[in-house]
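Worksheet for the structure shown next.
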Amino acid sequence: MFDIKWIRDNPEALDDGLRRRGEAPCAAELLDLDEKRRGLQTTLQEARQRRNDASREIGAAKKNGEDAGALMDEVASLKERISALEEEERTTGEALEARLAGLPNIPDPEVPVGEDESANQLVRSHDAPPVFPFTPRDHTAIGEALGLMDFERAARMSGARFNVLRGALARMERALAQFMLDLHTEHFGYEEVNPPALVRDNALYGTGQLPKFAEDLFQTTDGRWLIPTAEVPLANLHAEEILDADDLPRRYAAMTWCFRSEAGAAGKDTRGMIRQHQFNKVELVSITHPDRSAEELERMTGCAETVLQRLGIPYRVMMLSTGDMGFAARRTYDIEVWLPGAETYREISSCSNTGDFQARRMNSRFRPGGEKGTRTVHTLNGSGVAVGRALIAVLENYQQSDGSVIVPQVLQPYMGGTEVITPHV
RNA sequence: GGAUGGGUGGCCGAGCGGCCGAAGGCGCUCCCCUGCUAAGGGAGUAUACCCGAAAGGGUAUCGAGGGUUCGAAUCCCUCCCCAUCCGCCA
C-alpha cells in the first residue's frame, strides 16, 4: 500500500515502477482523486466552521432569551449542504483507498525487468548437480516404491493434491522441520512461534493476499481463512503496534500447515507432492528498521541457504524478475533445489523484502530514537524452507540404485539414528 | 448456543449534550536544581487535511456506519471487535 503523500512527491517513480511490473501507470488518476478529495475537504471544512459558529451563537442567543430563528434556518440549510458534501468526500476517499489497495509494490531498481520467470536472474549456485551411475527416479516413484507415499488413499478421502506420508517418510518430514527450526532459532536468532492457522480478513489484507487474491485461499464457514503461509500470522504479530527502535529487528520462525486452493494451477504439477493443497513450511519473518531491510534480505536468504547446505542439496539462487514477483514484494530471491529425478531446479524457498508495503497496511510502526513521531517498519519474509519440497529434494538427491534412500547426516539425530530408508517388503 | 460488561491519545484511566482533542497518572523529550547508583521542579508530547513565510489559526477523528439535536466522546439504532460467566467440547 502506497502513501498518497509519497505519490504526490514521486508520481513518475510510481508509474515507472508499475510499468516495469507490466501494470498500467495510474499516478495521474490517483492524484486526480486525491486532489478532488482534498478540495471537497476544504469546502466541507468551511461549511462546518460556519455551522459550528452559528450553533454557538444559537446557544448564546437562547441563553439571553433572544430570537435565534434566522440562525437556525441558516444551520438547517448548511446541514443539507454538509451531508451532501460528506457523502461525496467519503465515496471519493473510498475510491482512492480501493485503488491504492489494489496496487502491487514497485520493484527495487536492481530487479530485472521481464514478463515471467524466464527473465529471472541467476545470482549464484551452490554445488553442481550430481552425476548418478543409474537413472535417478523422481520422488513419486521413490516414495511409492518405498511404500511410504500414498496418493491414492489420500485422494479417496480428500481429493487431488493431497498425499499420505507414512513411517520413515512421515518421520523424515518431521525431522526436516525440526532441524530447520533448530537451525534458525539456535543459530540465527529467530524466535520460534506457534501461531494460529485461521485468521481474519484484516490479517490477510495486511500482508496483501486480500482483497485481490481471495480465490487462492480457503475460507471457513464462519468467515475466517486458512493461512496460505505463516508469513501472514508472523508479519501480523505487530500489526497496529508501535515498537521501540531498540526492539528492531524482530525475527520470527514458525512451522505451520499452509493451505492453498491452487485455483490458477489447474493441470500444473498434478503428479507428486510438488503442489499440494496442504503442506508444511518453516517460515521466517523479519521486522526491521527501514535502513536495514536490504541487508536483512541477504541475511535471511543466507539462513535459508544454510538449510540446504547442511542437507547437502545442490541449489541456485535466482533474483525474480518484475513479472514473477509477488504482489507485496519489492525484491525477491527464490532458492531452487536441484531435483535429479525431474532433472530440473524447483523453487524451495522465496525470500522477499516488502519494504513498508505490508507494514503500512498493517500499521506497524516504530519510534525512532531522537526524532519525534513514528515511522513505518519494513517487513521481510522467506521460507526456511518448504518442508514437503525439502523432503522431495532429499529423496531425489539421496536415492540409491536399489531404491533405498540415505538419510542426510544432519537429520539422523532427529530420526533415532536411522541412516538409510529401505523399501518395505 | 445462552447471559452480561466493555471498546477514549504511546500506555493506564476520567469524562453533567455546548467552555472536551479530551482531566489525572505513567512513559518519552527538553530545561532547571541536585554531586552520587535516589529524588525534586518547570515546559512540551496524537493523526490527517486546509490557510499561513513563520508564529499561529481552522476542520475532522474518542471501534465503524447511520440517526436524534441548533450542537454528541456523551442519547438512540445497526455492525465489528474484546472480556467475563454458564452450557458443550479437544
Side-chain angles (χ1 to χ4, degrees), chain A residues 1-9 30-101 194 196-206 210-211 219-225 233 236-248 250 257 287 289 356 359-377:
Chain A
M1 172 81 100
F2 293 99
D3 184 356
I4 187 67
K5 277 188 287 189
W6 179 83
I7 297 177
R8 270 178 225 148
D9 297 335
L30 295 171
L31 292 177
D32 272 357
L33 278 171
D34 179 46
E35 202 172 319
K36 184 177 173 202
R37 186 185 53 165
R38 287 195 289 165
L40 286 165
Q41 283 176 337
T42 306
T43 316
L44 240 186
Q45 158 180 343
E46 285 157 4
R48 279 169 170 156
Q49 179 170 6
R50 178 57 203 146
R51 181 202 56 194
N52 291 349
D53 289 345
S55 285
R56 252 184 288 274
E57 288 168 32
I58 290 169
K62 284 191 166 175
K63 203 163 284 177
N64 299 330
E66 296 162 10
D67 174 51
L71 282 166
M72 288 176 73
D73 288 346
E74 187 188 353
V75 170
S77 75
L78 276 170
K79 258 177 82 171
E80 278 181 44
R81 178 130 181 278
I82 287 171
S83 68
L85 283 167
E86 279 175 342
E87 173 66 15
E88 206 185 344
E89 195 270 340
R90 193 177 56 80
T91 52
T92 309
E94 280 170 1
L96 181 60
E97 290 296 309
R99 207 67 187 71
L100 287 172
N194 190 344
L198 285 173
V199 296
R200 280 202 273 258
D201 296 21
N202 55 2
L204 286 153
Y205 177 85
L210 292 180
Q219 188 169 29
T220 60
T221 51
D222 72 352
R224 284 175 236 268
W225 307 81
N236 274 283
L237 240 24
H238 295 294
E240 303 294 335
E241 286 187 16
I242 299 174
L243 298 163
D244 286 331
D246 301 341
D247 283 342
L248 301 175
R250 313 291 319 226
W257 287 116
I287 296 171
H289 187 285
D356 62 4
R360 180 166 285 116
R361 287 171 165 246
M362 296 185 292
N363 201 18
S364 296
R365 295 162 293 165
F366 75 102
R367 218 176 273 291
E371 314 168 35
K372 53 175 170 286
T374 57
R375 287 183 68 189
T376 307
V377 297

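So that the names make sense, note that chain A is the first sequence line, chain B the second, and so on, each numbered from 1.
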(message) Need one value for A:Arg37: base, sugar-phosphate or nothing, where a base atom within 4.0 Å counts as base even if backbone is also close, heavy atoms only.
(response) nothing

Using the [atom1] atom on both, measure [N] against [M] and round to a whole Å.
N: B:G10; M: B:G18; atom1: P; answer: 25 Å
N: B:U45; M: B:C50; atom1: C1'; answer: 24 Å
N: B:C28; M: B:C12; atom1: C1'; answer: 15 Å
N: B:C75; M: B:C88; atom1: C1'; answer: 39 Å
N: B:A23; M: B:C77; atom1: P; answer: 29 Å
N: B:C86; M: B:G13; atom1: C1'; answer: 31 Å
N: B:U59; M: B:C19; atom1: P; answer: 12 Å
N: B:A60; M: B:G9; atom1: C1'; answer: 16 Å

(message) Does A:Glu35 have more than 12 heavy atoms from other residues, nucleotides or ligands lying within 6.0 Å of its CD?
(response) no

(request) Using a cut-off of 6.0 Å, state whether more than 12 heavy atoms not belonging to A:Arg8 lie near its atom CZ. (result)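 Yes, the 6.0 Å shell around CZ holds more than 12 heavy atoms from other groups.
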
In whole angstrom, what separates [X]'s [atom1] from [N]'s [atom2]?
X: A:Glu97; N: B:G65; atom1: CD; atom2: P; answer: 13 Å
X: A:Asn363; N: B:A48; atom1: CG; atom2: P; answer: 11 Å
X: A:Glu89; N: B:U59; atom1: CD; atom2: C1'; answer: 11 Å

(request) With RNA chain B as reference, determine whether A:Val75 or A:Arg90 sits nearer its 5' end, using the nearest nucleotide of each. (result) A:Arg90

(request) Specify the residue among A:Gln41 and A:Met72 whose closest nucleotide of RNA chain B lies further upstream toward the 5′ end. (result) A:Gln41

Just N and O in the side chain of [X]: are any of them under 4.0 Å from OP1 or OP2 of [N]?
X: A:Asn52; N: B:A60; answer: yes
X: A:Arg38; N: B:C49; answer: no
X: A:Arg48; N: B:C49; answer: no
X: A:Lys5; N: B:A48; answer: yes
X: A:Arg8; N: B:C49; answer: yes

Judged by atom type as modelled, is there a donor-acceptor pair below 3.5 Å linking the side chain of [X] to the main-chain atoms of [Y]?
X: A:Ser364; Y: A:His238; value: yes
X: A:Arg361; Y: A:Tyr205; value: yes
X: A:Asn236; Y: A:Ala203; value: yes

(request) Mark yes or no for a side-chain to base donor-acceptor pair under 3.5 Å between A:Gln49 and B:G58, with no hydrogen or angle criteria applied. (result) no

